[in-house]
Amino acid sequence: INPAVTNASLSGNYAFSFSGYNNSTPVFIAGRFTADGSGGISNGLLDLNSSSGPPATDVPFTGTYSINPTPPNGLGTMTFNPAQGSALVFAVAVDSVGRGRLIQSDPSDTHAYGSGAIKIQTIAALSGGNFAFGATGVDMGGNRFASAGAFQTNASGTLITGEIDTNDAGTPTPGALLRGSYAAPDLTTGRGTASLSVNGGPAENFSYYQVSATEMIQVSTDQVSATSPLTLTSVLGKQATGSVLTNAALKGTSVLQTNGVNPNGGTPQAIGTAGLFTGDGTSDGNGFGNATVLFDQNTGGTVAQQQVTGGQYKVNPLNGRVTLNGFGTPHPPVLYVVNQNQAFVIGTDGTATAGVQTPQSASTTGVLFSNSSVLGAYVGGSVTPVLPAVTNQVDWLFADGNGNISISQDSSGPGGPQSNQFAVTYQVDATGRALIDSNPGGTLEGIMFVIPPTTVVVLSTDANPVLSTFAIGKATN
C-alpha cells in the first residue's frame, strides 16, 4: 500500500534538472531548493542557459508548491520566483518523500514547456573518485548535440584522467581527451563550478549541483558558441575496479532507453528507442564478448517493433568505455559503464542518439515476467524532450497486476497545459516487454519494459515520441 502524498511529503533539500523550450528555443536549468513541508520553498538557487541569450547563473529564488489533497496521489504544482527573470510554473508528480518529476506547465505562458527531475539532495565535501557522465543539448546552430564519457578526479577536484565521446549533429568525435577541474561545492547549497576542455581546446564552464557524493547535475554556463555547446549533464560515481571494468560488467540484461533526432532532410523527427541489451560477459582472444539487443523504435510516428540484432562488445579496463561491433549498423553506439549492467549511451550516427542502460537482470537467460510484474501505484513522467513538438507529462498510474492501468496525467507542449484521466491495458511477456493499448479502442499507445522490482520505462507510439519512467514508491531519476 502506497502512503498518501501531501505537502508534508516534500520536506528538506532537493536538487532539480530541467530540459525544455521557450518559443522553440532550447532552455536548460540546474538548481536546488529547500521545501518546508507546508507548501513553501526557500534557499532556492538555479543556473539557466538558453540559446536565445546569455546565461543566468547563481540566481536565488523562493517559491511555493501544492500537492493535490484529493486524491493524495502526488500530482501537484510548483512555482519558482527567481530574483531575475519570469516565474517558472511546473506541474509535478512526487512520491512520499518528495522525489519525482516535473514539467513546465504555465497557462499564462503556453510557449514554454519541458521536463525534468526532482531529487533528494545530500551535500558532501569534494573528494576524489571515478565518474561517468552523459549529456544532451544543442550546438550554436540549434542542432542536436550529445556526449558521454568518464573521468577520475583527485581530492582537490582536478581531473587525473578523462575521456569523452561527442556527437554534434551527426559528426562524432570518438575518445577525445578530457581535462580540467571541479571547484569545491558550497556546503550549504551543493553548488559548485567546473572548467573542462576537450582535446586541449578552449575551456568550457559549468555549474553543478550535488545530488549526493556520487551524483551531480551539471549545466553549461557559457553562452552557446562554436566551441561551447549548450548542455545538461548527468554525472554518476562509478565502481573503479573489479568486474565493472571487464566484459562481465555487461553480463546479464539491461533496459536500453535512448532518444535522438532524425534530420529528415531539414524536417527533424524525434526518435525514441527502448529495448533489452543482453551480454554474455565472455572475452575471446581479441577481448570481445557477445551481446544481443531486442528493441522497439519510434521515428516520427513510424514504429518498428521487436527488432533483434547482435554483435560484440569490449569494455576498456582503464575507464569502462565500451566498443561495439556489428549490431546491424556500421555506426554502433559507444557505452560508458557506471556499474553492473548500467551505462551511459552515446550514438555515432546522424541522429546523435543518447541515453542510458539500466540493470534488469544479472541472468543471461533473463527473468520470467508476467502482468503481475506491474502492480501498484506508480509516479513519474517524461524525460528529455528532443524537439519542441514533443509533449511532456507527469503521471500517476495504478496497475492492477491483471493487465489494466488507470492514469491521471498533467501535460504541456504545443497544445498547452492539459489534465486528463484515462485507462489502458497491458500484456507483459516473459522478457518484461509489454504493449500498452487504449481502453476502450485497443489502439497501441506505448511499449513498456519492466525494471524490477519497482520501475517501468515507456516509449510512446505517437508522431513525436517521448520516453517516460515510472516507479512505485519513488519517481525514477
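All residue numbers in this chain count up from 1 along the given sequence.
Side-chain contact, T253 with T278: a donor N or O sits under 3.5 Å from an acceptor N or O. In this model, no donor atom of one side chain and acceptor atom of the other lie less than 3.5 Å apart for R101 and N392. Between the side chains of S115 and S382, at least one donor-acceptor pair of N or O atoms lies under 3.5 Å.
The minimum heavy-atom distance between G403 and D400, with the atom names listed, is N-OD1, 3.2 Å. The two atoms that bring V293 and F295 nearest to each other are CG1-CD2, 3.9 Å, heavy atoms only. Considering all non-hydrogen atoms of both residues, F28 and S19 come closest at CE2-OG, 3.2 Å. Counting all heavy atoms, side chain and backbone alike, G98 lies closest to I118 at O-CG2, 3.7 Å. Contact detail for N341 and G252: the closest heavy-atom pair is ND2-CA, 3.9 Å. Across all non-hydrogen atoms, the minimal contact from R191 to S207 is NH2-OG, 2.9 Å.
The backbone N or O of G442 sits less than 3.5 Å from a side-chain atom of S438, completing a donor-acceptor pair. Side chain of Y426 to main chain of V374: a donor-acceptor pair is present (N/O by atom type, distance under 3.5 Å, no hydrogens or angles). Checked by atom type and distance alone, the side chain of S105 never pairs as donor or acceptor with a backbone atom of A91 at under 3.5 Å. A donor-acceptor distance shorter than 3.5 angstrom exists from the side chain of Y65 to the backbone of G39, with no hydrogens or angles considered. Y209 places no side-chain N or O within donor-acceptor distance of the main-chain N or O of Q121, the cut-off being under 3.5 Å. Formation of a donor-acceptor pair under 3.5 Å by the K238 side chain with backbone atoms of A343 is not found in this model. S234 contributes no side-chain N or O that, together with a main-chain N or O of G134, makes up a donor-acceptor pair within less than 3.5 Å. For the pair K314 (side chain) and N286 (backbone), a donor-acceptor distance under 3.5 Å is present. With hydrogens and angles ignored, the 3.5 Å screen pairs a side-chain donor or acceptor of N371 with a backbone N or O of V428. At distances below 3.5 Å, at least one donor-acceptor pair connects side-chain atoms of T461 with backbone N or O atoms of E445.
The side-chain contact (heavy atoms from CB on, under 4.5 Å) test applied to T353 returns T258, D349, T351, not counting sequence neighbours. For N13, the side-chain hydrogen bond (donor to acceptor under 3.5 Å, both in side chains) partners two or more places apart in sequence, or in a different chain, are R32, T34.
Of the inter-residue distances, the one linking D462 atom CG with L444 atom CG reads 10.5 Å to the nearest 0.5 angstrom. Annotation: the span from N298 atom CG to I447 atom CD1 amounts to 8.0 Å, rounded to 0.5 Å. Residue L318 holds its CG atom at 8.5 Å from CG of L245, rounded to the nearest 0.5 Å. Of the inter-residue distances, the one linking M448 atom CE with Q427 atom CD reads 10.0 Å to the nearest 0.5 angstrom. Considering CD of Q104 and CZ of F90, their distance stands at 5.5 Å, rounded to 0.5 Å. With values rounded to the nearest 0.5 angstrom, L459 atom CG is found 10.5 Å from L256 atom CG.
In this structure the side chain of F145 reaches within 4.5 angstrom of the side chain of T166, judged on heavy atoms. The side-chain heavy atoms of V315 and N247, taken from C-beta on, include a pair separated by under 4.5 Å. At a threshold of 4.5 Å between non-hydrogen side-chain atoms, the residues Y182 and Q218 count as touching. Residues D410 and L75 meet the side-chain proximity criterion, which asks for heavy atoms closer than 4.5 Å. The side-chain heavy atoms of P333 and L324, taken from C-beta on, include a pair separated by under 4.5 Å. Looking at heavy atoms from C-beta onward, T358 lies out of side-chain contact with F449 at the 4.5 angstrom threshold. In this structure the side chain of Q257 reaches within 4.5 angstrom of the side chain of T469, judged on heavy atoms. V27 is listed as a side-chain neighbour of I29, based on a closest heavy-atom distance under 4.5 Å.
Two rings, from F327 and Y313, have their centers 6.0 Å or more apart. Aromatic ring centroids of F16 and F80 lie under 6.0 Å apart.
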For the pair T233 and Y208, evaluate side chain to side chain contact (heavy atoms under 4.5 Å, CB included) and give the outcome as yes or no after the intermediate values.
CA-CA 9 Å; T233 305; Y208 70 86; over 6 Å; no
For the pair N130 and T161, evaluate side chain to side chain contact (heavy atoms under 4.5 Å, CB included) and give the outcome as yes or no after the intermediate values.
CA-CA 9 Å; N130 292 274; T161 62; 5.7 Å; no
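Of the candidates Q340, Q357, Q342, Q360, Q357 is the only one forming a side-chain hydrogen bond (donor to acceptor under 3.5 Å, both in side chains) with S254. Of the listed residues (D168, N259, D139, N167), just one forms a side-chain hydrogen bond (donor to acceptor under 3.5 Å, both in side chains) with R144, and that residue is N259.
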